[in-house]
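Remember, it's a predicted structure, so these values are computed and weren't measured experimentally.
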Amino acid sequence: MSDPTPRQHPPYADHRAPWRRSLGHLIFGLNSPAARLYDKVLIVLIVASVLAVMLESLPGLPLATRNILRWVEWAFTILFTLDYVGRLLGARRPLKYARSFYGVVDLLTILPSYLSLLFPGSQYLLIIRALRLLRMFRVFKLARYTDQATLLGEA
């Protein structure tokens, strides 16, 4: 005899490994202090990266300084690549994230560095990294809820 009540499944059951679920909460989470810290560090890295790209484009910059800025830019590229891979691994639906607005922006901001290896002269595409500044809006969006959360906590 079959069970008369059908089993209820959430529309998208979370089948991620525990470490991937934890990674997803850190990267995509909004409520935990660790997730907020992650977002803040990411914003600082994004702003520093954009500044490094802008400084590198200054005419008359000494070659030694220009070379240092290129190494700094590669360090940012590696960090942002790790962030992108982390987002794919931590996402509940990685393909959906990869095709989302932020997923495409994240990919577009790391591709120019790798393309510059294959196509000399394409390093000017690095200014696309400024698109990552759009992530800041996510953090600013959170700020408007902090007063309500404090009030709720006090109640």
Side-chain angles (χ1 to χ4, degrees), residues 9-59 61-146 148-150:
H9 293 287
Y12 301 107
D14 193 350
H15 298 294
R16 295 175 294 173
W19 68 270
R20 287 184 61 197
R21 196 173 303 122
S22 295
L23 183 64
H25 289 303
L26 172 68
I27 294 175
F28 295 107
L30 301 176
N31 301 331
S32 75
R36 285 192 295 272
L37 178 63
Y38 185 87
D39 280 342
K40 289 175 185 175
V41 168
L42 190 60
I43 287 170
V44 169
L45 290 174
I46 292 166
V47 171
S49 171
V50 170
L51 288 174
V53 169
M54 289 169 53
L55 284 174
E56 188 181 345
S57 70
L58 289 175
L61 199 63
L63 183 61
T65 306
R66 194 176 303 280
N67 287 335
I68 289 170
L69 288 171
R70 283 191 190 122
W71 281 106
V72 167
E73 182 55 39
W74 273 105
F76 285 126
T77 298
I78 290 167
L79 289 171
F80 293 142
T81 301
L82 291 173
D83 174 63
Y84 182 71
V85 170
R87 289 178 186 279
L88 289 174
L89 290 173
R92 189 175 294 208
R93 300 177 63 206
L95 193 55
K96 183 177 179 182
Y97 167 74
R99 292 186 298 205
S100 72
F101 175 75
Y102 285 121
V104 171
V105 166
D106 289 346
L107 182 62
L108 286 177
T109 59
I110 59 174
L111 276 181
S113 295
Y114 295 114
L115 288 176
S116 71
L117 291 175
L118 300 173
F119 306 106
S122 63
Q123 65 270 17
Y124 298 107
L125 295 173
L126 291 175
I127 200 63
I128 293 174
R129 179 127 321 143
L131 288 174
R132 273 199 155 225
L133 291 171
L134 294 171
R135 288 228 167 261
M136 290 174 54
F137 293 118
R138 181 174 167 213
V139 174
F140 293 143
K141 187 170 63 174
L142 289 177
R144 68 177 178 206
Y145 296 115
T146 56
Q148 291 90 348
T150 304

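In this structure, the side chain of Arg99 does not engage the main chain of Val104 through any donor-acceptor pair within 3.5 Å. Side-chain atoms of Arg92 do not come within 3.5 Å of backbone N or O of Arg21 as any donor-acceptor pair. The backbone N or O of Pro18 lies less than 3.5 Å from a partner atom in the side chain of Ser22, making a donor-acceptor pair.
Heavy atoms only, all atoms of each residue included: Ala98 and Tyr84 are closest at CB-OH, 4.0 Å. What you find for Leu23 and Gly90 is that their closest heavy atoms are CD2-N, 4.0 Å. The minimum heavy-atom distance between Tyr102 and Tyr97, with the atom names listed, is O-OH, 3.9 Å. Closest non-hydrogen pair, Leu88 versus Arg20, comes out as O-NH2, 4.0 Å. Heavy atoms only, all atoms of each residue included: Ile110 and Phe80 are closest at CG2-CB, 3.6 Å. Nearest heavy-atom pair across Asn31 and Arg36 is O-NH1, 2.7 Å.
Here the CG-CG distance, from Leu79 to Leu42, works out to 9.5 Å after rounding to the nearest 0.5 Å. Here the CG-CD1 distance, from Leu51 to Ile46, works out to 12.0 Å after rounding to the nearest 0.5 Å. Atom CG of Leu26 is separated from atom CZ of Arg87 by 9.5 Å, given to the nearest 0.5 angstrom. Atom CG in Leu107 sits 9.5 Å away from atom OG1 in Thr81 (nearest 0.5 Å).
Not less than 6.0 angstrom separates the ring centroid of Phe76 from the ring centroid of Trp71.
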Using the side chain to side chain contact (heavy atoms under 4.5 Å, CB included) rule, take Glu73 and Thr77 through it: C-alpha gap first, then chi angles, then the decisive distance, then the call.
CA-CA 6 Å; Glu73 182 55 39; Thr77 298; 3.6 Å; yes

Applying side chain to side chain contact (heavy atoms under 4.5 Å, CB included), run through Leu69 and Leu61 and close with a yes or a no.
CA-CA 10 Å; Leu69 288 171; Leu61 199 63; 3.7 Å; yes

